[in-house]
Each structure stands twice: as structure tokens, then as C-alpha cells.
Participant: 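Sending over a structure as C-alpha cells; questions will come in a sec.
Letters A, B, ... mirror the listed sequences (proteins, then strands); counts begin at 1. In this text the structure is predicted, and so the values were computed from the model without any measurement.
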Amino acid sequence: MPSFRAPRGTYDILPGDQPYWSFAMRTAAEVASRFGYGRIDTPVFEATDLFERGVGDATDIVQKEMYTFEDHGGDSMTLRPEGTAGVCRAYIEHGLHNQPQPVRMYYQANFFRYERPQAGRFRQFSQFGVEAIGDGSPYVDVEVMELGWSFVRALNISGASLRVNSIGDSECRPAYLDALRDYYRDHIDDICDDDRRRLERAPLRLLDCKKSQCQSIGDTAPKSTDYLCNACKAHWVLVLALLEGLKETYPDLDYYVDHRLVRGLDYYTRTVFEIEPENAAGQSTLLGGGRYDGLIEEIGGQPTPGIGFASGLDRLVAHVKSQEDFESPEIGPDVVIVHLGEAAGRRGASLAAGLRAAGVAVLVAPAGRSMRAQMRYSNALNARYALIIGDRELESGEGSLRPLQEDSGQAGVSLDVEAIARAVRGA
RNA sequence: GUGGGCGUAGUGUAGUGGUUAACACGUCAGGUUGUGGCCCUGAAGAUCGAGGGUUCAAUUCCCUCCGCUCACCCCA
């Protein structure tokens with residue numbers, strides 16, 4: 001056994017898997033820019049306070065999942081467990097409220113949470129997320145959902161569904177929570193132990209308990225949308241109307257209101273949503289987000305509305321990989337130089353340098369191997385051509401260029417960069 | 001943090017209370033004179049996760065630990 005392995009909950013992405021990742025990341029960037037979102041990168045770590053205040057003291061993330069450390073100056077720092085707090089911090093810090101609102105930004109980055117790994121859940125994970133800050137209108141809510149939906153669609157993931165809900169705001173939520181607690185207190189004997197603990201600490205979470213006994217109780221629990229204040233109600237109604245309108249463009253948009261949809265972070269207000277794959281199970285949420293109208297103010301800015309989502313790239317890539325229709329490019333070098341003898345080796349090395357400088361992808365076969373071995377090597381790398389240089393070629397000044405993607409055919413080519421580059425590109 | 005499953009070469013697997021732990025893929029080397037893919041031959045590569053125990057003897061039985069994995073929790 002090797003003495004070192006990737007830390008628990010982390011993994012290596014080897015060259016062979018990179019095509020899946022570049023596809024996902026390229027798609028994310030394309031979709032985001034189509035919607036007018038500009039990329040933002042923020043630091044991997046931030047002041048611990050930012051997350052405690054932004055994400056919420058009471059959340060599991062803050063309570064037990066953060067990678068927190070004290071730096072040498074004595075400040076408490078934390079590896080970012082999510083993306084929104086950092087983006088909002090940047091919005092405030094750089095005065096982005098002076099730009100046309102809303103400010104639309106996206107990120108693609110790694111995040112860190114100390115959790116027990118399982119399928120689709122890692123300690124270092126990758127997210128593509130977007131944030132639209134500075135406009136509280138329902139139009140933006142639906143724009144963000146549309147963005148998320150088209151991203152998942154662009155990844156060729158079919159059968160996904162969009163769940164939406166509204167959990168109100170600071171105005172109307174307290175009354176709803178009271179109603180919810182009252183309801184569950186009446187059923188205190190019927191719910192599971194976990195739920196009894198949740199009752200006071202995180203009442204919203206009662207709703208998405210997976211145990212069957214609790215499910216049926218949740219079904220008849222008070223609905224947040226019945227407790228919305230007038231402003232939240234109007235917002236919600238328009239969100240639904242716009243969502244319905246989206247179906248003109250996306251007839252397969254499978255969205256539905258889920259009264260049990262709540263989210264784990266404290267900052268969410270009003271609209272929340274998730275996209276799940278066809279066979280949802282375990283850690284399957286592909287994308288989740290919502291509105292966070294109190295967050296900017298909470299971390300020291302002017303009251304500013306915002307909405308966004310984050311999608312789990314690790315999970316999305318896993319889906320892409322499982323769908324067999326993904327064709328990997330399988331790209332080899334243009335040329336592998338096969339050389340016999342030291343003089344030919346030196347000549348080959350200098351030709352390789354010249355060709356690379358000219359933009360041709362070239363490898364020199366490992367020195368000291370037989371010609372047969374070098375040819376096998378060229379073939380194994382899926383090269384387009386083998387350029388053979390031995391004593392004969394050195395003397396005549398003409399190398400043998402052998403196409404490897406075809407059964408036969410071999411031509412002489414003058415041993416200079418120009419001629420070889422032309423021959424390789426020519427075809 | 002709590003449960004279940006699993007730990008044999010780089011990868012995927014087989015196997016047995018007892019002499020040199022097997023197979024496939026991969027890697028490397030050969031298959032005469034300088035030419036790949038298929039094929040053939042050979043080689044390297046495993047303290048059988050670690051430690052302890054039972055036994056004349058353990059990779060195989062038992063315990064502990066570690067690791068991986070799935071699920072709960074929570075979330076992307």
C-alpha cells in the first residue's frame with residue numbers, strides 16, 4: 001500500500017477524465033455568458049466571521065463542517081464552504097452597487113466541508129454557481145432558474161425536474177414557523193427522534209425528513225406559501241407565472257411546487273429551488289439555490305437583494321460519464337519521432353523543438369528502444385504520424401513519414417521543420 | 001457522529017488451514033537483418049490493508065485498528 005493517498009473525501013482527476021470536466025466547465029461558461037453573467041473568482045479562504053454571519057451560526061456547515069484555522073497573525077480563517085458569501089463580500093468591498101443592477105456573476109471553484117464522504121458528497125468539491133445581486137424582482141428569480149435549467153440541459157442530462165417553493169421573508173416567516181412548530185408538537189409522539197431535536201433548532205427541516213412515518217405527517221403540515229405576507233405573496237405569484245411562461249421555450253421543463261422544499265442555509269428568503277435528476281436518491285441534488293435578500297446587509301452592506309444557485313460539478317460530471325453518448329476526443333500527438341542511434345536522436349530532438357515552436361504537437365519516442373518498440377509506442381499514443389530517422393535518413397536528408405491512422409502509406413520528407421510541418425498539416 | 005458492505009500485483013478479478021498465491025488488461029522486452037495496430041513468447045510487479053490471537057501451520061478462522069465504500073445526518 002502506498003504510504004500517502006488522497007485525503008478522505010478528495011480525489012484525483014487524472015488526464016483521462018479531464019475531457020468530462022472540461023466539457024462541463026466549458027458548458028457552464030458558455031451558458032453563463034449567454035445570460036450576461038461575468039466570471040468572478042474570490043479567495044479560497046476568507047475570514048471565519050464572514051461565513052458564520054453569512055451562512056448562519058445555526059447551520060450544520062458552520063457548526064461542524066468548516067475547515068477553520070488560525071493563521072500566523074492570529075486571525076481565524078476558513079476554507080470556503082460555499083460561494084455566495086464570498087461573492088457578496090466582494091460586491092460590497094468593490095462597490096459593485098455602482099454598476100448597473102443587478103450585477104450578474106458566475107463562479108466555478110472548489111469548496112470544502114468536513115463531512116463523511118459518500119456517493120456525490122466530498123470534502124473538496126466543485127461547484128458552478130451564479131449570483132444576480134441588486135434586483136429583487138421575480139423576473140430575476142426566473143432568469144436564474146432558466147439559467148440553471150439550460151445548463152443542465154446543455155449537459156445532455158435528461159429527465160431532471162425543478163422543484164420550487166417560497167419560504168417567505170423576515171416579515172412572514174416567524175408566523176409560519178410558529179404554526180409549523182405547533183403542528184409538529186401535536187404530532188410529537190409520531191415523529192422520529194431526529195425530528196424531535198429539529199423541532200426547536202431547525203423547524204423547516206422537519207419537512208424534508210426522509211423517514212416514511214414523518215413523510216405522511218409532513219404531507220399535511222402547514223404550507224409556507226399559505227403564510228406569505230402580501231409582498232412575498234405577490235412575488236411568489238409572479239414567479240409561478242413566469243415559470244409557466246418558460247415552458248414555451250422548454251416544453252420539457254418539469255417544474256412543480258414542493259411545499260416541503262427547504263434549504264439548509266440561513267440566508268434564503270422567498271424563492272428557493274432545486275434541480276434533481278431522474279432517479280433522485282441519496283446525495284443527488286444537481287443544483288440548488290434561492291433568493292437571499294438579507295445577506296448583503298447581514299455581512300455589512302446596504303440592504304440589497306440577491307439570488308443565485310450552486311450546482312455540484314462532481315455530481316454533474318458523474319452523470320455525464322454515466323451517459324454513454326459522450327464521445328471523448330482521444331487526441332494523440334501529430335507526430336512521434338522514431339529515431340535510431342545517437343546522431344538521429346539529437347537531430348530528432350532539435351526537429352521536435354522546431355516543430356513544437358511551429359505549433360505542431362510532437363513527441364520524441366523514448367531513447368534506447370528498438371525501432372519496433374518505438375513504433376508500438378507511437379501507435380499506443382494514437383499519434384497521426386511517425387517520423388522515422390536513422391542513419392539512412394540522416395545521410396539522405398530525407399526522413400520517412402508514416403501515417404499511423406491508415407493501414408499503409410509512407411512518404412519521404414525533407415528533414416527540416418518547414419517541410420515536415422507542411423506535410424503533417426497538408427493532408 | 002451513527003450504522004451496513006468490502007479490503008489479494010498499476011487496474012479488474014480468482015483462490016486455498018499447509019511446498020514457488022492464479023487469470024485478464026496494462027507496462028517492459030523479444031518474435032533475426034530499421035517499421036505500429038492483430039497474434040505469439042518472456043519478464044517485472046502482491047510483506048494477500050496493519051497489528052494481535054487460535055493452530056504444528058494462516059492470505060484463508062477470531063479480535064482490534066486503519067482504509068475504502070454505501071446509507072443516515074446534512075447538502076451541491
Participant: How are the rings of Y11(A) and F122(A) set to each other: parallel, tilted or perpendicular (split at 30° and 60°)?
Facilitator: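 Tilted, since the angle between the ring planes falls between 30° and 60°.
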Participant: Has the side chain of N379(A) got a donor or acceptor atom sitting under 3.5 Å from an opposite partner on the base of G36(B)?
Facilitator: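 Indeed, a donor on one side and an acceptor on the other fall under 3.5 Å apart.
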Participant: What integer number of Å spans the C1' atoms of G45(B) and G67(B)?
Facilitator: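 Here G45(B) and G67(B) have their C1' atoms 22 Å from each other.
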Participant: If you pin A380(A) and I388(A) to their nearest nucleotides in RNA chain B, which one's is more 5'?
Facilitator: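 It is A380(A) whose nearest nucleotide is closer to the 5' end.
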Participant: Can you tell me how far C1' in G49(B) sits from the matching atom in C68(B), rounded to whole Å?
Facilitator: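 One C1' to the other, the span is 10 Å.
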Participant: Between C75(B) and U60(B), how many Å separate the two C1' atoms, rounded to a whole number?
Facilitator: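 42 Å, rounded to whole Å.
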Participant: Provide, to the nearest angstrom, the distance between the CG atom belonging to L404(A) and the P atom belonging to G37(B).
Facilitator: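 The answer, rounded to whole Å, is 11 Å.
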Participant: Is R163(A) positioned over the aromatic face of Y255(A), cation under 6.0 angstrom from the ring centre and no more than 45 degrees off axis?
Facilitator: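 No, R163(A) does not lie over the aromatic ring of Y255(A).
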Participant: For U69(B), does either OP1 or OP2 sit under 4.0 Å from a side-chain N or O belonging to Q118(A)?
Facilitator: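 Indeed not, no polar side-chain atom of Q118(A) lies that close.
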Participant: Please verify the inter-ring angle class for H187(A) with Y183(A); under 30° counts as parallel, over 60° as perpendicular, anything in between as tilted.
Facilitator: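 Because their plane-to-plane angle lies in the 30° to 60° range, the rings of H187(A) and Y183(A) count as tilted.
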Participant: When only distance counts, do a donor and an acceptor, one from the side chain of E393(A) and one from the base of G34(B), lie under 3.5 Å apart?
Facilitator: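 When only heavy-atom distances are counted, E393(A) does reach the base of G34(B) through a donor-acceptor pair under 3.5 Å.
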Participant: For C38(B), give its Watson-Crick or G-U wobble partner with both distances under 3.5 Å, or none.
Facilitator: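 No nucleotide pairs with C38(B).
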Participant: Ignoring hydrogens and angles, does a donor from either the side chain of Q410(A) or the base of U35(B) sit under 3.5 Å from an acceptor on the other?
Facilitator: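 Counting by modelled atom types and ignoring angles, a donor-acceptor contact under 3.5 Å is found here.
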Participant: For D391(A) and U33(B), give me the distance from atom CG to atom P, rounded to whole Å.
Facilitator: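 The answer, rounded to whole Å, is 15 Å.
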Participant: Taking the C1' atom in each of U27(B) and G10(B), what is the distance between them to the nearest angstrom?
Facilitator: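 It comes out at 8 Å once rounded to the nearest Å.
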Participant: As a test of reading the structure: which of A76(B), G37(B), C74(B) is closest to the side chain of D314(A), going by heavy atoms?
Facilitator: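 Nucleotide nearest to D314(A)'s side chain: A76(B).
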Participant: Just call it for L265(A): base, sugar-phosphate, or nothing, with non-hydrogen atoms closer than 4.0 Å on any strand.
Facilitator: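 Sugar-phosphate only.
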Participant: Within the distance-only criterion (no hydrogens, no angle test), does the side chain of Q374(A) pair as donor or acceptor with the backbone N or O of H339(A) below 3.5 angstrom?
Facilitator: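 Indeed, once roles are kept as given, a pair shorter than 3.5 Å links the two residues.
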Participant: So, is S370(A) near the phosphate of G30(B), with a side-chain N or O under 4.0 Å from OP1 or OP2?
Facilitator: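 Answer is yes, contact under 4.0 Å.
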Participant: Regarding C75(B), can its base be found pairing with the side chain of R263(A) as donor and acceptor, where the two atoms are less than 3.5 Å apart?
Facilitator: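 It does not, because no donor-acceptor pair links the side chain of R263(A) to the base of C75(B) below 3.5 Å.
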Participant: How long is the line joining CZ of F309(A) and C1' of C75(B), in whole Å?
Facilitator: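 F309(A) atom CZ is separated from C75(B) atom C1' by 16 Å.
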Participant: Tell whether R5(A) reaches the base of C66(B) with its side chain through a donor-acceptor pair below 3.5 angstrom.
Facilitator: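 No, no donor-acceptor pair under 3.5 Å.
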Participant: Heavy atoms only, 4.0 Å cut-off, all strands: where does G129(A) land among base, sugar-phosphate and nothing?
Facilitator: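 Answer is nothing: G129(A) stays at 4.0 Å or more from every strand.
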Participant: Flag the pair V272(A) / V164(A) as yes when at least one side-chain heavy-atom distance between them is below 4.5 Å, and no otherwise.
Facilitator: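 They are not in side-chain contact.
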Participant: Counting the atoms with a prime plus P, OP1 and OP2 as sugar-phosphate, which does L286(A) contact under 4.0 Å by heavy atoms, base, sugar-phosphate, or nothing?
Facilitator: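 The answer is sugar-phosphate, as L286(A) gets under 4.0 Å only of primed atoms, P, OP1 or OP2.
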Participant: State whether the aromatic ring of Y377(A) stacks on the base of G36(B), taking stacking to mean ring centres under 5.5 Å apart and ring planes under 30° to each other.
Facilitator: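 It does not: the ring fails the test against the base of G36(B).
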Participant: Can you classify the ring geometry of F69(A) versus F45(A) as parallel (below 30°), tilted (30 to 60°) or perpendicular (above 60°)?
Facilitator: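 Answer is perpendicular, since the angle exceeds 60°.
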Participant: Can you tell me, in whole Å, how much space there is between the P of A21(B) and that of U2(B)?
Facilitator: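 One P to the other, the span is 40 Å.
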Participant: Give a yes/no answer on whether the side chain of R402(A) brings an N or O atom under 4.0 Å of OP1 or OP2 in G36(B).
Facilitator: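 R402(A) to G36(B) OP1/OP2: no side-chain N or O under 4.0 Å.
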Participant: Any strand counts, and the cut-off is 3.5 Å on both contacts for Watson-Crick or G-U wobble. Which nucleotide pairs with C56(B)?
Facilitator: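 Check on C56(B): paired to G18(B), both distances under 3.5 Å.
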Participant: How is R8(A) classified with respect to the nucleic acid when contacts are heavy atoms under 4.0 Å: base, sugar-phosphate, or nothing?
Facilitator: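 Here R8(A) touches the backbone only, sparing every base.
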Participant: C75(B) P sits how many Å from F111(A) CZ, rounded?
Facilitator: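 So the CZ-P distance, F111(A) to C75(B), works out to 16 Å.
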Participant: Just how far, in rounded Å, is C1' of C39(B) from CZ of R372(A)?
Facilitator: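 Taking CZ of R372(A) and C1' of C39(B), I get 11 Å after rounding.
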Participant: Looking at the rings of F128(A) and F151(A), which for Trp means the six-membered one, are their centres under 6.0 Å apart?
Facilitator: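 For F128(A) and F151(A), the ring centres are under 6.0 Å apart.
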Participant: Please check the phosphate of A29(B) (OP1 and OP2 only) for any side-chain N or O of R369(A) closer than 4.0 Å.
Facilitator: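 For A29(B), OP1/OP2 do have a side-chain N/O of R369(A) under 4.0 Å.
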Participant: For R205(A) and C72(B), what is the distance between atoms CZ and P respectively, to the nearest whole Å?
Facilitator: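 About 13 Å, once rounded to whole Å.
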Participant: Would you measure the distance from the C1' atom in U19(B) across to the matching atom in C56(B) and give it in whole Å?
Facilitator: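 15 Å, rounded to whole Å.
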Participant: Taking for each residue the nucleotide of RNA chain B with the nearest heavy atom, is it R116(A) or G368(A) whose nucleotide lies nearer the 5' end?
Facilitator: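 Checking each residue's closest nucleotide, the 5'-ward one belongs to R116(A).
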Participant: Any strand is fair game: report the nucleotide pairing with A44(B) by Watson-Crick or G-U wobble, both distances under 3.5 Å, or none.
Facilitator: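 For A44(B), the partner nucleotide comes out as none, under the 3.5 Å rule.
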Participant: Per the atom types in the model, does the base of C75(B) pair as donor or acceptor with the side chain of R315(A) at under 3.5 Å?
Facilitator: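 When only heavy-atom distances are counted, R315(A) does reach the base of C75(B) through a donor-acceptor pair under 3.5 Å.
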Participant: Using a cut-off of 4.0 Å on non-hydrogen atoms, how would the nucleic acid contact of E406(A) be classed: base, sugar-phosphate, or nothing?
Facilitator: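 Base, at least one base atom sits under 4.0 Å.
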Participant: Can you classify the ring geometry of Y114(A) versus Y67(A) as parallel (below 30°), tilted (30 to 60°) or perpendicular (above 60°)?
Facilitator: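 Judged by the thresholds at 30° and 60°, the geometry between Y114(A) and Y67(A) is perpendicular.
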Participant: Could you please name the option among A71(B), C74(B), A76(B) that lies closest to any side-chain atom of A119(A)?
Facilitator: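 Shortest atom-to-atom distance from the side chain points to A71(B).
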Participant: Expressed in whole Å, how much space separates the P atoms belonging to U16(B) and C62(B)?
Facilitator: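 Pairwise P distance, U16(B) against C62(B), rounds to 15 Å.
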Participant: Can you tell me the Watson-Crick or wobble partner of C66(B), both distances under 3.5 angstrom?
Facilitator: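 In the structure as shown, C66(B) has G7(B) as its Watson-Crick or wobble partner.
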Participant: Watson-Crick or G-U wobble partner for G1(B), using a 3.5 Å limit on both distances?
Facilitator: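 The answer is C72(B), by the H-bond criterion.
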Participant: Is there, by distance only and without an angle test, a donor paired with an acceptor across the side chain of Q127(A) and the base of C75(B) below 3.5 Å?
Facilitator: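 Answer is no: no donor-acceptor pair is held.
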Participant: Quick check on K64(A): does its NZ atom have over 12 non-hydrogen neighbours (other residues, nucleotides or ligands) under 6.0 Å away?
Facilitator: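 For K64(A), atom NZ is not crowded (no more than 12 foreign heavy atoms under 6.0 Å).
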Participant: L381(A) CG to G37(B) P: how many Å, rounded?
Facilitator: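 So the two atoms are 14 Å apart, to the nearest Å.
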Participant: Taking atom P in both G17(B) and U13(B), what distance in whole Å separates the two?
Facilitator: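 Those two atoms are separated by 23 Å.
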Participant: For R376(A) and G36(B), give me the distance from atom CZ to atom P, rounded to whole Å.
Facilitator: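 The distance from CZ of R376(A) to P of G36(B) comes to 7 Å, rounded to the nearest Å.
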